[in-house]
Amino acid sequence: PFKTGGLAPWQLRRVTDYMEANFPYRIELETLAAQVNLSQAHFSRAFKTSTGLAPYQWQLAARIRRAQAMLVNSDSSLADVAQATGFADTVHFGRTFRNLVGAPPGVWRSDSKR
């Protein structure tokens with residue numbers, strides 16, 4: 001639903017579709033704002049109003065969701081999951097995963113497969 005001060009539904013859909021299509025690469029704020037013809041500042045405020053997250057946080061959460069799916073549905077190593085989801089290395093992946101999910105990826109995988 002539309003939130004006052006947020007993006008119109010078509011704008012939010014266009015931007016999130018663009019981010020999904022360009023996964024796992026980090027997309028600059030300028031590029032996202034240009035997708036809906038808004039200034040970076042206006043876009044950033046409107047996106048956060050619509051989603052509750054800043055654009056970078058949304059992208060990071062999407063990468064973690066994809067990593068969770070890979071951890072549960074495959075036997076890929078943590079290094080492979082980190083690389084496939086756009087993290088610089090396994091340490092960065094592990095730290096970010098732990099901060100957002102509350103458990104290290106290996107522990108989370110074990111608990112989720114039970």
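Bear in mind the structure is a predicted one, so any value in this text is a computation, not a measurement.
Asn73 contributes a side-chain N or O that, together with a main-chain N or O of Ala69, makes up a donor-acceptor pair within less than 3.5 Å.
The environment of Asn37 atom CG is sparse: at most 12 non-hydrogen atoms of other residues, nucleotides or ligands sit within 6.0 angstrom. The environment of Asp75 atom CG is sparse: at most 12 non-hydrogen atoms of other residues, nucleotides or ligands sit within 6.0 angstrom.
Side-chain contact between Leu29 and Tyr56: absent, with no pair of heavy atoms (C-beta onward) separated by less than 4.5 Å. With a 4.5 Å cut-off on side-chain heavy atoms, Ser39 and Glu30 do not count as touching. Under the 4.5 Å side-chain criterion, counting only non-hydrogen atoms from C-beta, Ser112 is not in contact with Leu71. Within the 4.5 Å cutoff, side-chain heavy atoms of Leu32 are placed close to those of Met19. Counting heavy atoms from C-beta outward, Gln83 and Phe93 have side chains that stay 4.5 Å or more apart. Residues Trp108 and Val72 meet the side-chain proximity criterion, which asks for heavy atoms closer than 4.5 Å.
Cation-pi check for Arg63 over Phe23 is not met; the charged atom does not lie both under 6.0 angstrom from the ring centroid and within 45 degrees of its normal.
Side-chain contact of Thr96 with Asn99: a donor-acceptor pair under 3.5 Å is absent, judged by distance alone.
Under the 4.5 Å side-chain heavy-atom criterion for grouping Ile, Leu, Val, Met, Phe, Trp and Tyr, Met70 is connected to Phe87 within one hydrophobic cluster. Grouping the Ile, Leu, Val, Met, Phe, Trp and Tyr side chains by contacts below 4.5 angstrom, directly or via other members, places Trp10 with Phe43. Ile27 and Ile64 fall into different hydrophobic clusters, where Ile, Leu, Val, Met, Phe, Trp and Tyr residues are linked whenever their side-chain heavy atoms come under 4.5 Å apart, directly or through other members.
Ring geometry for Trp58 against Phe47 counts as perpendicular: the plane angle is over 60°, on a 0 to 90° scale with 30° as the lower cut.
Atom CG of Asn22 sits about 9.5 Å away from atom CD of Gln59, to the nearest 0.5 Å. Going from atom OG of Ser50 over to atom CG of Leu7 covers 4.0 Å, rounded to the nearest 0.5 Å. Separating the CD atom in Gln68 from the CZ atom in Arg109 is a distance of 12.0 Å, to the nearest 0.5 Å. The line from CD of Gln40 to CG of Leu38 is 11.0 Å long, rounded to the nearest 0.5 Å. Atoms CZ and OG1, on Arg65 and Thr85 in that order, are 12.5 Å from each other to the nearest 0.5 Å.
By the 4.0 Å N-to-carboxylate-O rule, Asp89 lies too far from Arg95 to be salt-bridged with it. Ion pairing of Glu20 with Arg13 is absent here, as no side-chain N (NZ or NE/NH1/NH2) approaches a carboxylate O to less than 4.0 Å.
Between Gly86 and Pro24, the closest heavy-atom pair is N-CB, 3.6 Å.
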